[in-house]
Peer 1: 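Okay, handing you the structure first.
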Amino acid sequence: MNSTGRVEFGRVSENKEKAVITSKEEIEGRLCQCLKNHELPDYLLYTGTGGAKNWLKLDGAEAFPVARQLKVLLEKNLDSIVRFIPTGMSLVSVGVGNGEKERIFLEALVKKNLAENEYSGKASIRYYPIDINSEFVDIALEKVDNLPVEKKGIVGLIEDMAALKINWRRPILFCILGNTFCNYEPEFILQLVHENLEQGDLFFFDASLLPTEGPEAQSVRRSVMGTYTSRENILFNMYPLLQYGMDPEDFDFELLLAHVNSRIGGVYRTRKSLYILKDTELTIGEETIGFREGDVIRMGFTYKYTYDQVIDFLDICGFEVLKGFLSEDRASAIILAKKRV
């Protein structure tokens with residue numbers, strides 16, 4: 001970080017408070033294999049120096065307010081949320097990004113813990129920022145340098161939970177923030193979290209929602225499409241192909257919002273694709289991957305639930321909701337839950 005407080009990407013020194021579960025080489029290997037299979041999962045959009053830069057640029061873009069709206073909702077309800085968090089819990093946050101929301105949360109938890117342990121003068125908080133991008137982990141650790149918390153960053157994927165959890169001390173407040181929850185199949189992500197939480201642990205996440213269902217939701221769906229087809233979001237989704245040698249005119253990006261069935265009824269889900277317009281190739285390390293005109297690369301997705309649908313999924317997957325907060329327009333939610341006894 002330079003004298004202005006801004007991160008200089010590519011110049012962050014190796015952090016000793018960091019465990020690497022998934023290496024850069026492994027990520028490149030995953031990217032190669034996925035592209036050979038004509039797939040590009042969303043988590044691969046965030047990798048490397050370019051992925052970090054592009055995400056922070058998208059996060060700050062006026063046309064893509066999703067993460068900012070969730071941050072505002074967290075700040076507005078912070079005191080009410082913290083009242084439900086026991087002292088001494090470890091904060092584990094997967095997909096930490098630049099760690100802004102976690103910094104806000106930790107400040108409030110430190111204040112509460114010190115107030116409840118005024119004679120010891122210790123906050124007794126441990127912080128584990130986790131991300132697939134090592135640079136994000138460094139940034140998140142640096143962001144809390146002046147807070148009285150023990151910290152250890154972890155570079156890895158949420159799917160590797162068994163390896164990740166070896167590094168943290170319980171009880172934990174397990175966080176998935178920044179709308180990451182909606183970028184997974186709901187039962188997969190909730191079952192994964194459920195299997196790896198113990199009694200005494202808590203689960204905290206946010207979600208960008210579809211405010212209402214029915215005919216009146218048509219204008220809302222148009223707004224959702226406008227956000228996700230913004231120029232900034234399209235460029236973010238194209239980044240890996242451009243990074244490794246393809247030209248913008250080699251392919252086209254398409255995003256649709258489809259109504260799909262689930263165990264709780266119909267929900268909305270984006271469908272993203274990259275259409276190859278002419279024979280081309282890209283190079284990742286020593287690998288060269290070719291595409292033919294007409295090939296389609298299937299990308300990740302985002303679910304758009306109503307608040308009640310999220311609550312229904314939590315119930316199906318064995319969670320008890322302790323507290324939920326909705327924005328006034330019902331477009332953003334934050335939820336604190338635990339495993340049902």
Side-chain angles (χ1 to χ4, degrees), residues 12-31 41-44 46-48 52 85-99 101-103 105-106 109-110 113 122-145 147-178 180-181 183-185 187-205 317-319 336-341:
V12 181
S13 60
E14 186 63 26
N15 199 315
K16 295 180 180 179
E17 301 168 323
K18 186 170 65 175
V20 177
I21 306 300
T22 306
S23 69
K24 179 181 177 182
E25 291 72 25
E26 288 177 281
I27 294 300
E28 281 198 346
R30 284 174 180 252
L31 179 59
D42 273 3
Y43 70 85
L44 293 172
Y46 299 84
T47 59
I85 311 300
T87 57
M89 296 197 85
S90 299
L91 182 74
V92 176
S93 187
V94 177
V96 70
N98 66 359
K101 289 185 288 295
E102 289 77 7
R103 164 77 195 204
F105 210 171
L106 282 167
L109 290 174
V110 166
N113 285 11
K122 295 182 179 180
S124 300
I125 296 178
R126 290 169 294 276
Y127 174 41
Y128 303 94
I130 303 170
D131 205 284
I132 189 176
N133 191 321
S134 183
E135 296 196 34
F136 275 146
V137 174
D138 286 322
I139 294 166
L141 288 168
E142 193 169 1
K143 199 172 287 287
V144 298
D145 262 352
L147 292 183
V149 298
E150 298 178 34
K151 55 189 183 294
K152 181 177 183 179
I154 306 171
V155 181
L157 296 163
I158 193 170
E159 289 86 348
D160 299 324
M161 187 85 78
L164 297 176
K165 67 182 183 181
I166 294 172
N167 291 277
W168 61 64
R169 206 180 314 168
R170 298 184 186 271
I172 63 168
L173 175 63
F174 187 83
C175 299
I176 306 178
L177 301 175
T180 301
F181 167 78
N183 297 335
Y184 285 90
E185 293 293 344
E187 291 183 70
F188 165 78
I189 189 67
L190 288 174
Q191 288 170 3
L192 180 66
V193 173
H194 191 277
E195 290 168 1
N196 288 280
L197 292 187
E198 297 179 1
Q199 295 302 322
D201 295 338
L202 297 177
F203 177 36
F204 183 66
F205 68 99
C317 294
F319 286 93
L336 181 68
K338 66 176 183 179
K339 288 177 69 167
R340 192 162 51 234
V341 178

Peer 1: Taking the side chain as every heavy atom from C-beta outward, state whether C175 and L173 have any pair of such atoms under 4.5 Å apart.
Peer 2: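 Touching, per the 4.5 Å side-chain cut-off.
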
Peer 1: Using every non-hydrogen atom in the two residues, find where G156 and I130 come nearest and quote the distance to one decimal.
Peer 2: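 Between these two residues, the closest heavy atoms are O-CG2, 4.0 Å.
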
Peer 1: If you take all heavy atoms of N196 and M161, which pair is closest and at what distance?
Peer 2: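 The pair with the smallest heavy-atom distance is CG-CG, 3.2 Å.
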
Peer 1: Please tell me if the side chains of N183 and Y43 come closer than 4.5 Å, counting only heavy atoms from C-beta onward.
Peer 2: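 In short, these two side chains do not touch, never coming nearer than 4.5 Å.
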
Peer 1: Is there a side-chain contact between E159 and Y184 in this structure, where contact means two heavy atoms from C-beta onward sitting under 4.5 Å apart?
Peer 2: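 Of all side-chain heavy-atom pairs linking Y184 with E159, at least one is under 4.5 Å.
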
Peer 1: Can you confirm whether I21 sits close enough to N167 that some side-chain heavy atom of one is under 4.5 Å from a side-chain heavy atom of the other?
Peer 2: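 Result yes, sub-4.5 Å side-chain heavy-atom pair found.
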
Peer 1: Can you name the nearest heavy-atom pair linking N98 to I139, along with the distance?
Peer 2: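 That would be O-CG2, 3.9 Å.
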
Peer 1: Taking the side chain as C-beta and beyond, is there a heavy-atom pair between Y128 and R169 under 4.5 Å?
Peer 2: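 Answer yes - side chains close enough.
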
Peer 1: Carefully, step by step, assess L177 and F204 under the rule side-chain contact (heavy atoms from CB on, under 4.5 Å).
Peer 2: CA-CA 8 Å; L177 301 175; F204 183 66; 3.8 Å; yes

Peer 1: Roughly how far apart are R30 CZ and L157 CG, rounded to 0.5 Å?
Peer 2: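 Answer for the CZ-CG pair, R30 versus L157, is 4.5 Å.
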
Peer 1: Hey, could you give me the CG/CD distance between D138 and E17, rounded to the nearest 0.5 Å?
Peer 2: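 Spacing of CG (D138) from CD (E17) equals 10.0 Å.
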
Peer 1: Nearest 0.5 Å, please: how far is CG in L141 from CD in E102?
Peer 2: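 That separation rounds to 11.0 Å.
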
Peer 1: If we only count heavy atoms from C-beta on, is the K151 to L106 side-chain gap below 4.5 Å?
Peer 2: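 Contact flag for K151/L106 side chains = no.
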
Peer 1: Are the aromatic rings of Y46 and F136 close, with centres under 6.0 Å apart?
Peer 2: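 That pair fails the under 6.0 Å test.
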
Peer 1: What residues, two or more places apart in sequence or in another chain, satisfy salt bridge (Lys or Arg N to Asp or Glu O under 4.0 Å) together with R103?
Peer 2: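 Counting only residues at least two positions away or on another chain, R103 forms a salt bridge (Lys or Arg N to Asp or Glu O under 4.0 Å) with E107.
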
Peer 1: How are the rings of F319 and H194 set relative to one another: parallel (under 30°), tilted (30 to 60°) or perpendicular (over 60°)?
Peer 2: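 Perpendicular.
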
Peer 1: Compare every heavy atom of P171 with every heavy atom of G200, then report the nearest pair and how far apart it is.
Peer 2: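 Taking G200 first and P171 second, the nearest heavy atoms are O-CB, 3.7 Å.
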
Peer 1: I need the minimum non-hydrogen distance between G97 and A140, along with the two atoms involved.
Peer 2: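 For G97 versus A140, the nearest heavy atoms are O-CB, 4.3 Å.
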
Peer 1: Nearest 0.5 Å, please: how far is CG in L336 from CZ in F203?
Peer 2: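 Between F203 CZ and L336 CG, I get 10.0 Å after rounding to 0.5 Å.
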
Peer 1: Within the 3.5 Å criterion, strictly below it, is a donor on S134 or K24 matched to an acceptor on the partner's side chain?
Peer 2: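 K24 and S134 do not have a side-chain donor-acceptor pair below 3.5 Å.
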
Peer 1: Can you tell me how far CD of E150 sits from CD1 of I125, rounded to the nearest 0.5 angstrom?
Peer 2: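 Reported to 0.5 Å precision, the distance equals 10.5 Å.
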
Peer 1: Might you point out which heavy atoms bring I189 and I158 nearest each other, and give the distance in Å?
Peer 2: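 That would be CD1-CD1, 3.5 Å.
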
Peer 1: So, D131 side chain and V96 main chain: donor-acceptor pair closer than 3.5 Å or not?
Peer 2: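 Judged by distance alone, yes, a pair lies under 3.5 Å.
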
Peer 1: Considering only heavy atoms from C-beta outward, does the side chain of L197 approach that of I172 to under 4.5 Å?
Peer 2: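 Yes, at least one pair of side-chain atoms sits under 4.5 Å.
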
Peer 1: Can you tell me how far apart OG1 (T22) and CG (D160) are? Round to the nearest 0.5 Å.
Peer 2: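 Separation between the atoms: 5.0 Å.
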
Peer 1: Are side-chain heavy atoms of L109 and Y127 found at a separation under 4.5 Å?
Peer 2: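 The answer is no, as the side chains (C-beta and beyond) never meet within the 4.5 Å cut-off.
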
